[in-house]
2 protein chains.
Amino acid sequence: MAATRRVGTQTSGTRDLLLDCAERLMVEEGYASVTYRKVAAKAGVTSGLVQYYFPAIDDLFVAGIRRANERNLRQLTEALEARPDDPKRVLWEYSRDEAATSVMLEFMALGNHRKSIRSEIADATNRVREVQLAALTSYWREHGNGEDPSPAAMLFLMTGLPKMIQLEEGFGILAAHEEIVALVERYLDSGAWGTDRGNQPNVKAPTKRPRSRPKG
Amino acid sequence: MAATRRVGTQTSGTRDLLLDCAERLMVEEGYASVTYRKVAAKAGVTSGLVQYYFPAIDDLFVAGIRRANERNLRQLTEALEARPDDPKRVLWEYSRDEAATSVMLEFMALGNHRKSIRSEIADATNRVREVQLAALTSYWREHGNGEDPSPAAMLFLMTGLPKMIQLEEGFGILAAHEEIVALVERYLDSGAWGTDRGNQPNVKAPTKRPRSRPKG
DNA sequence: GTCTATACGGCGATAGAC
DNA sequence: GTCTATCGCCGTATAGAC
């Protein structure tokens, strides 16, 4: 509601500038440093002006989540289209991107007790999930063998495990993360869950995961 | 360091009272409501007195994490001793406890940008993990068949999946949570990962998971 | 050792001046 | 559209009463 509000001209460069500054502050110092006063200082304006565009501080976060999610959706779609032969590997690698996950975890932490942010994250996640599930499902219809986990379960594993691993690693929690990763990658390489073709592990992709997805 | 500080007599009832009030505030309203002034009001003392026992607000959280972790460790040990025939099921059910997980997630959110809290959580988690891994490992030595995931990997799955599920559910993220749960429980019932005995799914435990572990 | 009183700067939010 | 002034709450520091 308030989140949808758009103050100023639609072409307002100021608004985008403020979002850029807020996003950089968030990445560099965490959400606790995203305050009206600090965003204003970074953008070279007064804090009142920031409040003009984002009447409540959560409006700023919600707008940031939306913008970042649009970026992610675009990138995900491209990655899926570029590699239609193995969507589950695409999702696994997509979810293992560190920058994007750390920002998502940051937002989740922030949303833990801020209703408007929490539901914005749910919406964003569900939109991404829709695309992911569609890709897995259509692949499953052609190649699935009826015994393995369903597309929805596969999706949870391919996207949930990397997030859990990164969450724990960020805290310094010891766990068999490398072993889990190796386990999944062996599974992906085996071509399981879609067995009518050999499913070579990599046509051209290296064995290393990407590390450079934009941080939003 | 500052966290180790102990002001007042060791038997100070005031200190424990303050920790109780802080914990209740945390559960009822979230960590954002755990402030010197609110804890003091709840305990019927001045905020200065709270500061006397916990010079920085994070000291209060750290002390709370420690106390809660001791409770959890005690309960986990009892549960493992009561059911030595299937430690992985004990860990699965232990990790599916909602109250304990939600408080842990609360602390993780809090620790996301508070160094002293983050490392206290890591310590607490690793201490619990040590006990869990020891139980799984000794079971694995007697019953394992050498092909399935290692004890450490099994531990990550049995404890990590429930946390991920609860994290997502708390946000309203749609995912195949029920299917994953069913999948794991079918796996547990099958007696896999320790196949020399039939491993009846339940000797006396009901199929429902516990819901009442103390919230720390 | 325990506890109170007070002050300071930073925060989100609001009302209103230009 | 832009910016200022002000409010109440926050964590923290300190001085001192009992």
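Throughout, protein chains are lettered first and strands after them, A, B, ... in sequence-line order, and every chain is numbered starting at 1. These numbers come from the heavy atoms of this one structure, side chains and all, not from hydrogens, waters or symmetry mates.
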Write down the distance between CZ (A:Arg114) and C1' (C:dA13), rounded to a whole number of angstrom.
13 Å
Ignoring the backbone of A:Ile57, work out which of C:dA13, D:dT12, D:dG1 is nearest its side chain.
C:dA13
Taking the side chain of A:Thr35 as heavy atoms from C-beta outward, which of D:dT12, D:dC10, C:dG12 is closest to it?
C:dG12
Have A:Gln132 and A:Thr159 got a donor and an acceptor in their side chains that come within less than 3.5 Å?
no
Starting from P on D:dA15, measure out to OH on B:Tyr52 and report it in whole angstrom.
17 Å
From CD of B:Gln51 across to P of D:dG11 the rounded distance in Å is 9 Å
Take the protein atom CD1 of B:Ile117 and the nucleotide atom P of D:dG11, then report the distance between them rounded to whole Å.
12 Å
Verdict with supporting geometry, A:Met158 and A:Leu188, side chain to side chain contact (heavy atoms under 4.5 Å, CB included)
CA-CA 10 Å; A:Met158 291 299 118; A:Leu188 288 172; 4.1 Å; yes
Going from CG on B:Leu133 to CH2 on B:Trp140, what distance comes out if it is rounded to the nearest 0.5 angstrom?
12.5 Å
Would you say C:dG1 has OP1 or OP2 under 4.0 Å from some side-chain N or O of B:Tyr53?
no
Figure out the OH/P separation between A:Tyr31 and C:dC11, and round it to whole Å.
15 Å
Any donor-acceptor pair under 3.5 Å between the side chain of A:Arg37 and the base of C:dG10?
no
Respond yes when some side-chain nitrogen or oxygen of B:Thr46 is under 4.0 Å from OP1 or OP2 of C:dC3, and no when none is.
no
Within this structure, what is the CG-to-P distance between A:Leu60 and C:dC11, rounded to whole angstrom?
14 Å
CZ of A:Phe54 versus P of C:dT14: gap in Å, rounded?
17 Å
For a quick check of understanding: with a heavy-atom distance under 4.0 Å over all strands, which category does B:Leu49 fall into, base, sugar-phosphate or nothing?
base
Please check if any side-chain donor atom of B:Ser102 sits under 3.5 Å from a side-chain acceptor atom of B:Gln166, or the reverse.
no
Separation of B:Tyr36 atom OH from D:dT12 atom C1', in whole Å?
7 Å
Could you say whether A:Ser47 or B:Ala32 is positioned toward the 5' end of DNA chain D, judged by the nucleotide with the nearest heavy atom to each?
A:Ser47
Step by step, would you call A:Thr125 with B:Leu174 a side chain to side chain contact (heavy atoms under 4.5 Å, CB included)?
CA-CA 8 Å; A:Thr125 308; B:Leu174 311 167; over 6 Å; no
For B:Val34, report the nucleic acid contact type (base, sugar-phosphate, nothing); a contact means any heavy atom under 4.0 Å.
sugar-phosphate
